[in-house]
Amino acid sequence: MKTAITEMFNIEHPIIQGGMHYVGFAELAGAVSNAGGLGIITGLTQRTPELLAKEIARCHDLTDKPFGVNLTFLPAFSAPPYPEYIAAIREGGIKIVETAGRSPEQYMPALKAAGIKVIHKCTSVRHSLKAEQIGCDAVSVDGFECGGHPGEDDMPNMILLPRAAEELKIPFVASGGMADARSLVAVLAMGAAGMNMGTRFIATREAPVHDNVKRALVAASELDTRLVMRAIRNTERVLKNAGVDRLLEIEHEKGAKLKIEDIRDEVAGVYPKVMIDGDMDAGAWSCGMVVGLIHDIPTVKELIDRIMAAAEQLIRDRLVGLLGAETKASLKVA
Ligand SMILES: Cc1cc2nc3c(=O)[nH]c(=O)nc-3n(C[C@H](O)[C@H](O)[C@H](O)COP(=O)(O)O)c2cc1C
């Protein structure tokens, strides 16, 4: 399948694996790129720019195909040295960067000077337009369904994607709630040039996380995510667990007076405990509503191949099948 995104990133299938803290290591990014999608290493999971350089080199050993690096500009307890991370990306020969969180405006000159294509992930039409205006090459439009940070507008993709299509000139992919061929075909119809998946890629054989995490995703339903940190305007969609219950209790008690220090134990340092140790009650970790559509743990290649095969079948059999005989004849399809 050819779209503006497959052309821009020189990939076979219009499927991107979004950056994920403590999940987006070389093993997963390499597997996604080898399967014809775009794999993305999560920059800040590497504690220093030197470690990111090593992770990029490791991924080059695993695949000859293009892969990217995610750089997230979120409120953190201490700001990372972004220019040094960008130097590691540039020196590692990376040509695609997924930015997220705050606007990447400040870093665009450095990224563009290195010939890097920038896809910015954002949760609203106004932020997408801003990304276009500052020179981003594409946008990942992240609906309210998404795992991670859905922003504060609560706009689901059924509205957000057609609105993005109305306003944007640069290509965009749909992010949030994407799981399978139905997702891909639906978002192509709404004007997207592909899809970005996060949660779905965690439940794959290659995702380098504890088996407890993959089992929890298969066991959970679409009703099992919660929104946390709304009071401090850093809303995150996470999988419900005992740590999240504690966090919600604190949030309930503190109300609008909530401060990040009040919930530090439930949100800071949680990822290694969950992803490496498999401690599923450690606290808040991102997970999308799409978890309700995850029923197995295939290899990345099985997942991507089955999405592409079923998408073609959906278009051919279901969509074209709905057309009248005359239109079908004019399209020269059976
Ligand atoms: C466990 C997890 C960790 C994530 N970490 C990051 C991150 O560090 N930076 C980022 O830009 N997005 C992060 N995301 C968001 C994903 O890149 C992607 O936008 C999102 O998962 C899409 O929604 P979905 O989960 O419904 O597919 C994370 C998502 C998950 C599930």
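Just follow the structure's listing: the first ligand is 1, and inside any ligand the first atom is 1.
A salt bridge is absent between Arg264 and Glu261: the closest approach of a Lys/Arg side-chain nitrogen to an acidic carboxylate oxygen does not fall below 4.0 angstrom. Ion pair Glu167/Arg163 flagged as a salt bridge, since at least one NZ, NE, NH1 or NH2 atom sits closer than 4.0 Å to an Asp/Glu carboxylate oxygen. Under 4.0 Å is where a charged nitrogen must lie from a carboxylate oxygen, and between Asp281 and Arg246 no such pair does.
Follow the hydrophobic side-chain contacts under 4.5 Å out from Met1 and you reach Leu303 in the same cluster.
Partners of Arg126 by side chain to side chain donor-acceptor pair (under 3.5 Å), not counting sequence neighbours, listed by chain and number: Asp153. The side chain to side chain donor-acceptor pair (under 3.5 Å) check on Thr99 picks up His120, with sequence neighbours excluded.
If you look at Arg200 next to ligand 1, there are no close heavy atoms at all, none under 4.0 Å. Residue Asp142 touches ligand 1 through its side chain alone, judged by heavy-atom distances below 4.0 Å. Under 4.0 Å from ligand 1, the heavy atoms of Ser175 that appear belong solely to its side chain. Residue Thr45 does not touch ligand 1, judged by heavy-atom distances below 4.0 Å.
Nearest residue to atom 25 (O) of ligand 1 from Leu44, Val238, Thr199 is Thr199 (criterion: closest heavy atom). In this comparison of Arg237, Met197, Glu236, Met20, the heavy atom closest to atom 29 (C) of ligand 1 sits on Met20. When Gly18, Cys146, Gly19 are ranked by how near their heavy atoms come to atom 6 (C) of ligand 1, first place goes to Gly19.
Remark: ligand 1 and Thr42 share no N or O pair separated by less than 3.5 Å (distance only, no angle test). The shortest N or O to N or O distance between Trp285 and ligand 1 is not below 3.5 Å. For Gly147, a nitrogen or oxygen atom sits less than 3.5 Å from a nitrogen or oxygen atom of ligand 1, counting backbone and side chain alike. Of the N or O atoms in His21, one or more lie within a sub-3.5 Å distance of an N or O in ligand 1. The shortest N or O to N or O distance between Tyr271 and ligand 1 is not below 3.5 Å. The shortest N or O to N or O distance between Val23 and ligand 1 is not below 3.5 Å.
Within ligand 1, counting atoms from 1 as listed, the ones closer than 4.0 Å to a heavy atom of Ser286 are 1 (C), 2 (C), 3 (C), 29 (C), 30 (C), 31 (C). Counting atoms of ligand 1 from 1 in the listed order, those under 4.0 Å from a heavy atom of Asn196 are 18 (C), 19 (O). Atoms of ligand 1 found under 4.0 Å from any heavy atom of Ala100 (numbered from 1 in listed order, with element): 11 (O). Those atoms of ligand 1 with a heavy atom of Gly177 less than 4.0 angstrom away are 24 (P), 26 (O).
No hydrogens or angles considered: a donor-acceptor pair under 3.5 Å links the side chains of Asn70 and Thr72.
In terms of protein heavy-atom proximity, atom 9 (N) of ligand 1 is nearest to Thr72 OG1, 2.8 Å.
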List the steps and the verdict of side chain to side chain donor-acceptor pair (under 3.5 Å) for Asn234 and His149. CA-CA 7 Å; Asn234 185 29; His149 294 267; 3.2 Å; yes
